[in-house]
Structures are given as C-alpha cells and as structure tokens.
Amino acid sequence: MRRNDYYIPVSGEEKAADFGNTKDGGVSQYSKYDSIPLNSLKSDEAASDPKQGPTFQDGQRRVDYVLTYHVQKPPSVCRKTYRFADYHILRSLRRSLSMMRSGDTPPSKEDPEIAAHNHRLDYHEDDKRFRQTEFEDNLREMGLELEKDEGNKIPGIGFLKIHAPWNVLCREAEFMKLKMPTKKVYEVKQGSNVVERINLFIHKVTAPLHPKVEPNRPQNVKHLSHPFSREKQHLFDLSDRESFFDSKTRASIVYEVLKRTRCTKAKYTMGITSLLGNGVYTAAYPLHDGDVDGMGAEANDRKILYEEWASYSVFYKYQPIGLIRKYFGEKIGLYFAWLGVYTQMLIPAAIVGVIVFLYGCATVDNDIPSMEICDPRNNITMCPLCDRACSYWKLNTACGTARASHLFDNPATVFFSIFMALWATMFMEHWKRRQMRLNYIWDLTGFEEEEQAHKDHHRAEYEIQVMQKTLKKQDMYPKDKKVKLTCTDRAPAYMMGLFLMLFMIGVTFAVVFGVILYRISIKAALHMSSNPTARSNIRATVKGTAAVINLVIIIIMDEVYGAIARWLTVLEVPKTDKSFEERLIIKTFVLKFANAFSPIVYLAFFRGRMVGRPGDYVYVIGSYRMEECAHAGCLMELCIQLCITMLGKQLIQNNLFEIGIPKIKKLIRRRKSDMDSQQQEDYNMTLQRHEKDHFLGPFVGLSPEYMEMIIQFGMVTLFVASFPLAPLFALLNNIIEIRLDAKKFVTEVRRPIAARAKDIGIWYNLLRGLSKVAVIVNAFVISFTSDFIPRLVYQYMYSPDGSMHGFVNHTLSYFNVSDFKPGTAPLQPMHLGYEVQICRYKDYRETLWSNTPYDLSKEFWAILACRLAFVIVFQNVVMLMSDFVDWLIPDIPKDISLQIHKEKILMVELFMKEEEGKKLLRDNHTNQSPFQPRSRPASHTPSNC
C-alpha cells in the first residue's frame, strides 16, 4: 500500500489513549490507516486560478471530482476498530463483576440493548472506514491523486478531492477513445455560393436572437478530430495541457476510473455505485466552474450560461447549444437541442391551431345546426337525462353547449388533423437532420463502435447479486470449484413486474370508473336540488369538477407510478446501465401514459356508446345508468378535459413543483439555521466550491424531463382534432420550461457527469410511435366523436335541398312516455307546465309508427359504414403522405454528408503522409553510413504521457 505524502501519522500517544494498552500488536498493524490531513492544519486556503477552477491546497492541481462521507469524530481523534471492541466489552464485564462482589453500586447503569446497538453501529462504521480506506488506496494505485478535507465548515461531512494527473488523462482518454481535435484544420463549406449567401443573410437578420457566447458568423474552419492515442500525440496540439482536456472531460475520465475501481477485500467486490448505496460515501459529483452571481464571481462558462441561457429575460433568444454541450456533455446538450427544435416546430402548429379556432368563432353564427338548437320556435321536448330525479327539458337550453362545440367541431378541424399528422412527420425529419448536424459538429460521427465497446459494462448491483449467488452456490457445493457467474433466475421478477403493471393499469381504470359514478350521482343530486341556480348550471358544474378531480388524481398517481416503475426495474436487476434506463423508461411511460390518457380515451370513445334508449337503458350499478353525451356530442367535454389536464399538468406538476419545491427546501434550511440573511450570505462567501456544491440537489437524470415532453407531445398530437389550441398552450409552456430547466441545471443541482450520446435514444422511438398512433386516434375522433360524418351523410344523402336545414330533427328519435319501465318515469312530469306524451332523444331509431319501433334504423347503419370508411381512407391517405414526406427529406443534410466524406479523405491522407514519412526515415536509416550519427525526427519525440 502506498504512503500518502499529504498526510501525517497520528501520534502513538493519541492511539494509546484511544485503543488502550494492548500486547497483540494490533495498533501497529492499523497505524498506516490512521492519518490527519495536512489541510486541516492550514488556516488559509491557497488561491486558485479562476480559469483553472478549484484546486488542491497547493494551488496547482485542480479538483476534478469530489466524494463526500460522514465524519463521526474530529480528524485528530481516531476511532477504535471493531477488532478491539471485544476487549473493551470483556474489561467492562470484569469491572462490573468485581463491583458486584465488593457490594459497590456502579456509578451508571446502561441499557444492554442500547449498548448492543451502539456496538453494532461502531462495527458498521468501522466496516465503512475499512472499505473507504481500501477504495482510496486502489484509486492511488490507478494513478489518481487524493486530498482529504475534514476540517471544513460543514460539521459531520468529509470531502475527498480527486485530481487526475496528465498521464492518467492520456491513458484513460485512449481507453475511452475520446475524439480530440488535431492540429490539422480544413475549410468548412456551407454549400453552394447561393446557399452560403442565404445562410449569411439569415444569420445577420437573426443576429439579435443569438446569445452572446459564440462568434456571430458561422465557423468556416474546423479541426480534424481523431481518437486520442499516446503513440500519435504529435498529431494533437499539446502546447496548453491545462486546457486540452476541459473540466467536463476530466470529470468524465475520473468517473470512468471510479467505476472500474473495486473493493476486493470485502465479502464481495464493491464499486463506487455500491459504496454510495451502502453509505460508505454519501455523494459523488464534479464541481461547477464557479459562482454565477455576486461581486466576486469570475467570468466562467457557468456564469455565461446563467446570464445568456438560464434567465427569463432572454426567452426570445436561441439556446447556446455549443456551450451547453461543452459544460454538461453531449447527452444533456442533445436534450436541450431537441427541446429547442420541438418548441420551434410548435410555432407554425400553434398559428394554424389559432386560425382554426378563430374560423370556428367566425362561423358560429352561421352554423345551421346550432341555430336550430337555439331556436325556441322548434319547441323540441327532450327525454329525461336520468331516472326519476330528472324531468323533461327543452332542447334550446343546450344552446350554449352547441355553440361552444362548433368552435372545435367544424370542417376546419379535419384539415387541422391532417396538418398535424404531416407536422409530426416534418418534426421528426427536422430533428434527424439537426441531430446529424450536431453529430458532425461535436465529432460523434463514429460513436457506434465506442458505444458497442462499452455497452457490456455491468452495473454494480448486477455484479453484487451474481457474486452473492455464486458464494451461496459455493457454500452449497464446496467441491464444485467451477461455479458460473450468472443471474438467470430473474423470470419471477419479470412476471411479477408484468402482473403489477397490469394491476396498476386496472387501478387507473377503476379510478376512471369512480369519476364516472361521481358524475352520475352529482348530476342526479343537482337535479333533485331545490336551488334553481344549481339546477341551471348542472352540466358545467359536473364537467368542471370531474375534470379537476381527474387532474388531481393524475398528478398524485404520476408520483406513485414513477416510484413503482423504478422499484420494479430494480427488482429485475438489469445487466447494464443502458438496459436499466430503457426498462425504466418503458415502464414509466406505459403507466404514466395510461394514467394521463385513460379519462380522455373514455370521453372520446366510450361515453355515450352502449347507452341504450329511454325505457331500455344500460345500467352501471343499481339505478345508475351509463352516461350520455350532450346533444352536440362529447367533443366539448373532451375538449374541457384535455384543456384542464394539459394546463394543470404543465402549470402545477411541471412548473410549479420545479419552482416551488427548491424554494421551499431553501426556506426550510434557512428556518433551521440560526443565522439571519446577512450572516447566511457572509457564511456562503466563506465556503469553498466543493462545500457550496454539496448544498445543491443531486442530479436525477433526464428521464423526468423527457417524460414531461413526451406526454405533452401526446396531448398535442393524439386528440388535436378536439382541441386545436393544444399546440399554443404547449408552445407557451415550453418557452418557460426551457429557461426553468436551464436555471435548475445551472444553479440548483450539482454538475452532472458528462455522458456522450449521438441521439436521444429510446425517446425517438416513442415519439415516432406516438406520431403513428395519432393518425389513427384522430381518424376515430373525427369519425365517431364529432358530428362531421353524420353532417356529411345528411347533407349529401337525406337533405331535400342539399343544405343542413333539418339536420337536428334528423338526428332525434321519438319515444312514447307510456313505454317507461316501472320506477323510471320522472317524479315531476309537469315540470314544463304541460303533460308530455312524446319526447325526443338523440339516436337513429325506427319511428313509433313503424313495424319495428325503437330498432336501429337504416340511417344508423349507413352512417356507421361511412364512419368506418372514413377511418380507413383517412388513415391510409395521411400515412401515405407522411411516408412520402419522410422519403422526400433526406436524414442527413447534403453539406454535412459532403463534410463527413471530406473528413474521412483528409484523415486517410494524414495517415498516408505519416506512413510515407516513416518509410522515408527507414530508407535514410538504411542508406546511412555506420559512422554517421542517426537523427531522430521531431515528430517521434518520447511520449510525455
């Protein structure tokens, strides 16, 4: 084990005072683990270069990564190890026995259970200390340099600062196949002269929208990149070693070393993930570059991001995607690039949606069916909406609902559905092209091989479970020395996860059914109310309260489903991190999608179906019968549910929680502190960078951010025929969401590990699947939920003059009130002031004077056939158009394809020149006289890595 040069050993007197006088030599055996950090003896911290970032106490070596752990006692006092705990127990027992024999009373009596508990805690803490020491020694053997800070201003927390020297950076960069810029540069052409001029003109026009972090003009030259190699380091510009590997790359290199380092002296091997899970270390994170505000804040990338990206005052500007990638890595950079493209593409969708809505507003006064419903001269008496409590009512009382429904149920919504299907395809194609451009700019074009090489890296949890099963098998079969390290009995976890997911989806359906019962019972109760105001607003009250209840349940169950999905994924013990992430995403998406869209699917496709007719209704439970749609259809209620769910999830769950919860936590922390605001500010000024970052929240990944947007994408595309304003609300939310996420990443969470990725992964497949399903869903919404098809059928098949006059009467059937079943007739039949003999209800049934009264009429079957035909035609035509657009737009922009091809040629030429130089060197070496001194080319100087 190597000696740490930055620690001094604890004196023997302090050790003897702690351990007692022993004769077994145990103190000398463990003395090498006990040390005091020298930085605790220094009063002033060495100043660090702001460009270089936080450093060690020497002010030279930068801090690349930090691990935190619990400190039980001050660093000048050593804890006794569990090997000497038995000695103290025996000594205390002997002292107690001797006092009992002498008749003396012990000075204090301790509960034996408490003593045993404290003994177990000491054992556990010493075991943690042992594993921590072994892990840190292994890190030193890997070449990392460590420095402890236990005398800080945060009591009970110790910090282990990690620095990666140059040779470790070179070694790991070669192992990770990091692409680094070479000295070779080449000219980047934007295309033809006309295209280049157009791009420059657009760039000048949009100059006020660009953040002040990058050159205003597009870059015309680019460095040729190549995977780093210590043998070919002459290809790279190593004149400034401090800036060759930036802070993001250095932290990712240290993290890779931490993942590969293992504790092997325990019962089973443990990596950094297992050590964090078992409490050996409490946190692990790289450091932010510096402060974002204050008088002493130096210029750094974090401060620039805070001013030019994480501020609401720059909401109209483009995002500095290049700087985001430089600071947070490619994976987070791709998320914000995707979110920016999605938000930009919502602008035309929102404009068209507003136009469709305004068209409905402009034509509502000319809509003949609405005029017929609102005309009191028609004097149409409708059948009761519920048994006994409800009475007869006039059709013109539904005038407001009919006029409001026309705002969303008009011929323009069909055009908007087709437009949104093509919009989804255009969005996917635009993102693929943008993604390829970013891959070229960020040197990720050859990332597949690297991803394939690292995809088999096992998770620590998987290795622990395999090792535990292996040790168990070795105990059962001690003679069998060849025990295969496998984990094949995970089928029960899969089956349990499947059954539990189906059960939770069933719970979601049960909740929807409960809201249905609420609507039915509240409607009946309000009809029986003696308050005329309550009875006049029955529909609005029931619709609004039911939608709000659904929203509250959705928000609560979202959190529950997220925890269940993670628990099920942990039970399955996936082998790799990528497998774990994909399984977690699939489970979370299925549960949250079912939770958010179950009420909407019910309103769109099930409410008002299989209701029956007056005198022969279908009952749910007891006297509660199935819900009916309003005369203008269920589209208005579907629109209300979509509007409340979408706005509620975005404002409450997405924005209010993200803004409010961190502020509440900060307020609670201030309340617990004894310092006032000025003292707190002064205290924060004295903290070092690693101490400030410790108070920030942990980074939980991008899955919650993606999930919010995927659910929103479903709201925008799946039922857009019923709610044309959905793209507008999504656009307004995303403008806030971008800056909100930016502020959270820059100021409220610890700096995440920079992860490389060339695409958004499984999220793209989910988006593409939703865009395909949206075509089918909108076809059914237009065909079965709206009155678009019945109006067309009436106008071209049954209208006498080819107009919509008489359409309302055509959709209503007749019912003789004498045919009510016993106990279902209204309690107040004279509610309208006269005796009703025949009432009307919305359905296509045979008339009372036909041979088969109340049977489905031929008009019903004709409309049903037209509806099914429309679904088939709409689906195939729109998907054909989408596939045509997909084929028409290439996935890779032409200029990027040419530049990638040019890079490959230049790389081949570069290596061919190098080989020619080596060959010429060998020829000169052969032709040299044996007495002539041999010269060594400058390009083959010894490696400094």
For Arg867, side chain to side chain donor-acceptor pair (under 3.5 Å) partners two or more places apart: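 None.
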Would you say [X]'s side chain and [Y]'s backbone share a donor-acceptor pair under 3.5 angstrom?
X      : Y      : value
Asp886 : Ser882 : no
Thr425 : Ala421 : yes
Thr413 : Asn410 : yes

Aromatic plane relationship, [Y] with [X] - under 30° parallel, 30 to 60° tilted, over 60° perpendicular:
X      : Y      : result
Phe884 : Trp887 : tilted
Phe419 : Phe416 : parallel
Trp763 : Tyr706 : parallel

Inter- and intrachain pairs under salt bridge (Lys or Arg N to Asp or Glu O under 4.0 Å), touching residues 361-380, at least two apart: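 Qualifying pairs: Asp365-Arg403, Asp367-Arg791, Asp375-Arg377.
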Partner set under disulfide (SG to SG under 2.5 Å) for Cys839, not counting sequence neighbours: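 Cys839 satisfies disulfide (SG to SG under 2.5 Å) with Cys383 once adjacent residues are dropped.
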Ring-face cation contact, Tyr854 with Arg613, 6.0 Å cut, 45° max: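 Here Arg613 passes the 6.0 Å and 45° test against Tyr854.
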Audit row: Tyr342, Gln712, side chain to side chain donor-acceptor pair (under 3.5 Å) steps and yes/no: CA-CA 11 Å; Tyr342 173 47; Gln712 184 199 88; 2.8 Å; yes
Carboxylate-amine/guanidinium contact Lys432 Asp891, below 4.0 Å: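 Yes, charged N to carboxylate O under 4.0 Å.
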Under the side-chain contact (heavy atoms from CB on, under 4.5 Å) test, residues paired with Met557 that sit two or more places apart: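 Residues passing side-chain contact (heavy atoms from CB on, under 4.5 Å) with Met557: Met504, Val507, Ile553, Tyr561, Asn595.
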Pairing residues for Thr811 by the side-chain contact (heavy atoms from CB on, under 4.5 Å) criterion, not counting sequence neighbours: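 If we apply the side-chain contact (heavy atoms from CB on, under 4.5 Å) test to Thr811, skipping adjacent residues, the hits are His631, Phe807, Tyr844.
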Asp883: partners by salt bridge (Lys or Arg N to Asp or Glu O under 4.0 Å), with sequence neighbours left out: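 Partners of Asp883 under the salt bridge (Lys or Arg N to Asp or Glu O under 4.0 Å) test: Lys772.
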